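In this text the structure is predicted, and so the values were computed from the model without any measurement.
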Amino acid sequence: MKKIIVFSGTTEGRQLSDMLTAEEIRHTVCVASEYGRDVMRRNPFAEIQVGRMNADEMIDFFKEQELAQEDIVVDATHPFATQVTANIKEAADFLGVSLLRIIREEDRELPDDAVKYSDINDCARAINETEGNILLTTGSKELSQYCRVASKETLDRTYVRVLPSVDSIKICESENIESDHILAMQGPFSKELNEALIAEYDIKHLITKESGVAGGFLEKKAAAVSAGIKLHVIERPYSEDGVSVESAFMLITGKKAMDNPDKTPASIFLIGIGMGTAASMTQEAKEAIQQSEAIFGADRLIKSLSCSKKYPMYLSRDIIPVLEKENIHSASIVFSGDTSFYSGSKKMLEALKEWRSELDIQVIPGISSFSYLSAILGESYEDACLFSLHGKNTEKDYRILADKVLYNRKAFVLLSGAEDVSVAAKRLLDLGVSGRIVVGLNLSYENERIIDLSLEEAASFDEKGIATAFIENMNPLRRPLIPVKRDSDFIRDKVPMTKECVRHESIIRLGLREGDVFYDIGGGTGSVAIEAASLSLSLQVYTLEMKREAVELIKKNIKESDAPNVTVLEGNAAELLGDMQRPDCVFIGGSGGKLQEIVDILHTKGEGIRYVINAVSLETIEEVREIIKKYEPDDEETVMISVSCVEKIGSYHMLQGQNPIWITSFTI
């Protein structure tokens with residue numbers, strides 16, 4: 001079967017790749033950057049090659065692919081990428097490989113007052129003589145040229161729309177573009193979105209390339225006309241011959257494009273509709289729903305909405321097959337509350353973009369339950385902590401909520417149901433919190449109720465309904481800057497324990513960060529794992545211990561310390577570690593004589609793991625030195641700590657020495 005290589009980075013390249021994939025035709029797609037790869041649909045029939053190539057490198061690449069004359073190279077690069085097109089042609093001609101050039105449909109009609117330029121330099125010189133804010137939509141590649149010609153006054157009123165890639169942002173920063181003048185966004189852009197940006201930034205001049213229909217030129221032109229602003233157009237470098245995406249597909253497969261219809265919806269709205277009733281929806285949300293052929297969402301949210309096609313579903317795995325099968329060209333997917341706070345819209349957006357990267361998706365925010373409840377209560381939430389138990393009311397989540405309330409006077413909380421009220425209240429009472437809970441039940445509905453309860457009353461709350469809560473702590477604590485646990489905080493029995501001075505120093509050297517996965521090997525009493533876990537509930541902490549007596553003691557200490565983010569695993573560490581995820585940090589206080597084996601196993605999970613090892617015996621110290629010699633870390637540090645505590649014996653205060661401890665830390 002003939003080989004196909006598509007040089008992409010454009011809508012046309014992605015469309016052709018999707019069409020080939022639909023026919024299960026294997027092909028290679030070449031893109032210049034990581035961002036170009038990220039916006040491609042993942043599929044088993046397309047191999048993605050990332051990196052810019054000159055003509056010689058393309059020739060070498062074609063040779064590596066063992067291209068023959070019957071194979072096909074497709075140039076679907078941007079019409080302004082003239083050098084890339086020249087390189088592709090040179091490489092294809094050198095090897096005698098068939099070359100197809102995909103060209104964009106042009107739009108020759110311009111507004112009467114539009115101005116055309118041969119290049120960005122001419123445009124920049126002309127724009128210097130104008131007044132009013134400028135929206136530059138030519139991308140990051142021409143930005144440096146524009147900045148060299150444009151005056152300081154012109155740059156101060158220029159807003160730059162670029163792709164949200166690292167390379168694009170770096171170019172903006174190198175040209176000293178102010179951060180509030182950088183609009184990092186992924187297209188395609190609808191006429192309405194262009195109009196919104198023009199209005200938001202009071203734009204008077206829009207600069208664009210003559211990029212064709214697929215490049216969003218029509219939408220930019222229409223928005224400029226609608227807003228009554230000046231359109232400045234950079235002409236294509238030259239006219240060229242080529243074929244459409246559909247023709248390229250037919251030449252490759254022998255099939256007409258109509259045999260492979262594109263069922264991609266023209267537009268999808270992800271809409272936050274507030275608390276759930278039509279009355280709490282924004283006008284923008286109502287208008288979007290009116291434009292839609294179909295509505296998707298939880299049954300309670302869509303039942304009061306008017307549309308000929310309504311689907312009571314809210315998961316992407318259910319919605320996408322319906323969009324494909326029913327050939328729906330415009331749809332609204334609705335979510336309760338606001339799209340920006342613990343909303344399913346985030347995952348939905350990711351799933352839809354992975355399914356069809358060229359989709360026109362608009363996210364429309366809604367009135368949040370927090371905003372609604374705070375308005376009723378006359379309370380601001382600018383100085384409150386915000387939290388959600390909705391759909392994730394586990395023991396750990398209740399513990400996180402309690403921690404937030406403990407150190408804040410005000411908290412607004414989304415609840416999975418009214419039953420969360422009593423559970424949360426009991427946890428707060430156990431912590432000695434003095435305060436109240438105001439429950440907003442069935443907000444915006446006819447049976448809406450606002451119920452003000454003391455914590456004692458809330459502990460026996462048993463009503464049902466959709467609930468949001470405001471929690472007020474009358475005497476919030478001040479969070480300690482350096483939270484530490486004392487040895488007396490742990491149950492010890494006869495199990496060895498890392499003493500607090502050594503424990504504190506060891507944890508400091510771990511360099512823990514929020515969200516880290518941390519392994520405590522040789523848990524003992526669990527003191528290291530539990531103290532580390534108390535620093536942040538975002539940590540995932542696992543303590544490994546092989547002695548049953550110690551395991552049971554660790555469980556008691558976890559319960560006593562209320563540490564839901566600590567998991568104790570019983571068994572030989574060398575055997576347990578094989579199936580565990582890669583950690584960020586590891587503390588080894590006991591290894592059962594298998595220190596080298598444990599480190600070797602962990603190293604197979606990836607580089608960059610931070611280790612802190614405690615050693616008491618000379619044999620362990622020697623084993624640590626062998627590990628250092630083997631892996632040669634460049635940040636190895638070793639300290640020896642000797643601690644003596646003063647104890648009163650009779651009428652005297654005597655020093656009671658503890659064994660000296662060697663603490664070695666390194667990253668490998």
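No option in Ile302, Leu323, Asp318 other than Leu323 meets the side-chain contact (heavy atoms from CB on, under 4.5 Å) test with Phe296.
The distance from the OH atom of Tyr201 to the NE2 atom of His181 is 9.5 Å, given to the nearest 0.5 Å. The distance from atom NZ of Lys3 to atom CZ of Arg26, rounded to the nearest 0.5 Å, is 13.0 Å. The structure places CG of Leu193 at 8.0 Å from CG of Asp360, a figure rounded to the nearest 0.5 Å.
Shown here are the side chain to side chain contact (heavy atoms under 4.5 Å, CB included) partners of Glu47, two or more places apart in sequence or in another chain: Thr28. Residues forming a side-chain hydrogen bond (donor to acceptor under 3.5 Å, both in side chains) with Ser226 (at least two apart in sequence, or on another chain): Glu195. Judged as a side chain to side chain contact (heavy atoms under 4.5 Å, CB included), and not counting sequence neighbours, the contacts of Glu284 are Thr282, Ile364. When the side-chain hydrogen bond (donor to acceptor under 3.5 Å, both in side chains) test is applied to Ser165, the partners found at least two apart in sequence or on another chain are Ser168. Listed by chain and number, the residues in a side-chain hydrogen bond (donor to acceptor under 3.5 Å, both in side chains) with Ser144 are Glu175 (sequence neighbours excluded). Residues satisfying the side chain to side chain contact (heavy atoms under 4.5 Å, CB included) test with Pro111, not counting sequence neighbours, are Asp113, Ala114, Lys221, Val225, Leu231.
Below 30°, between 30° and 60°, or above 60°: for His232 and His205 the angle between ring planes is between 30° and 60°, a tilted geometry. Ring geometry for Phe62 against Phe7 counts as perpendicular: the plane angle is over 60°, on a 0 to 90° scale with 30° as the lower cut.
Ring centroid separation for the pair His27 and Phe45 does not come in under the 6.0 Å cut-off.
A salt bridge between Arg513 and Asp516 is present, with a side-chain N of the basic residue lying under 4.0 Å from a carboxylate O of the acidic one.
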